[in-house]
Amino acid sequence: MTASDAELLDRARAAAHSAYAPYSGFPVGAALLLEDGRIVTGCNVENASYGLTICAERTAAGRMIVERESGPPGERPHIVAAAVVGLKAAPCHPCGACRQVLGEFSCDRVIVEGSSGDPVSIAFTELLPHAFGPDSL
Ligand code: THU
């Protein structure tokens, strides 16, 4: 059975507890729901050279690629939904770089926490209109 939006937020929140965020003190977790029902999670991984920080969504996207069944190198997984939780702020919307990376995998929608912790679903096209993606080339 496919995970509910609330379950995806729970998985993202759990992943945020693994965050390595000594500089910002702003732990973030992401949970990607894939077409086959699998959920891949990630957390932010910061660096003393601040700009090298990897956001939770991009950590999860990298893990999604590593963990997929081996196939043609150009085969593109499809992200059905991406849940994002920041332990210090709700809602925690994906940053611009992460929107671009989620868009690479034709993410349909993003789920964030509303102010009362309830799931808020946002169509990806609303987050990143006129996106440059694989079909733009
Ligand atoms: N962060 C994420 O993990 N995802 C986002 O989409 C926004 C920002 C992280 C990066 C950094 O470690 C911390 O939040 C503060 O910017």
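In listed order, ligands and their atoms are each counted from 1. For the single chain, residues carry numbers from 1 onward in sequence order. Any value given below was found using the heavy atoms of this structure, including those in side chains, with hydrogens, waters and symmetry copies removed.
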Closest to atom 14 (O) of ligand 1 among protein heavy atoms sits Phe26 CD2, 3.5 Å
Give the residue, atom name and distance (to 0.1 Å) of the protein heavy atom nearest atom 9 (C) of ligand 1. Asn44 ND2, 3.5 Å
Check against salt bridge (Lys or Arg N to Asp or Glu O under 4.0 Å), Asp36 and Arg68: CA-CA 11 Å; Asp36 61 4; Arg68 77 194 160 135; over 6 Å; no
Would you call Glu57 and Arg99 a salt bridge, taking side-chain N to carboxylate O under 4.0 Å as the test? no
Find out if a path of hydrophobic residues (ILVMFWY) with successive side-chain heavy-atom gaps under 4.5 Å connects Val84 to Ile39. no
Given 3.5 Å as the limit, does a donor-acceptor pair link the side chain of [X] with the main chain of [Y], or not?
X      : Y      : value
Thr59  : Cys43  : yes
Arg58  : Val101 : no
Gln100 : Cys95  : no

Looking only at non-hydrogen atoms, the one of Arg58, Glu46, His93, Arg99 nearest atom 11 (C) of ligand 1 is Glu46
Are there protein heavy-atom neighbours of atom 4 (N) of ligand 1 below 4.0 Å? yes
Any idea which part of Cys95 is under 4.0 Å from ligand 1, heavy-atom wise: side chain, backbone, both or neither? both
For the side-chain contact (heavy atoms from CB on, under 4.5 Å) test, which of Leu32, Leu34, Ile65 pairs with Phe105? Ile65
In ligand 1, the atoms that come under 4.0 Å of a heavy atom of Cys55 are 1 (N), 2 (C), 3 (O), 4 (N), 5 (C), 8 (C), 10 (C)
Could you tell me, atom by atom, which parts of ligand 1 come under 4.0 Å of a heavy atom of Thr53? 10 (C), 11 (C), 12 (O)
Using a plain distance cutoff, I'd like to know if Glu57 has any nitrogen or oxygen under 3.5 Å from a nitrogen or oxygen of ligand 1. yes
So, regarding Pro94 and ligand 1 (criterion: nitrogen or oxygen to nitrogen or oxygen, under 3.5 Å), is there a contact or not? no
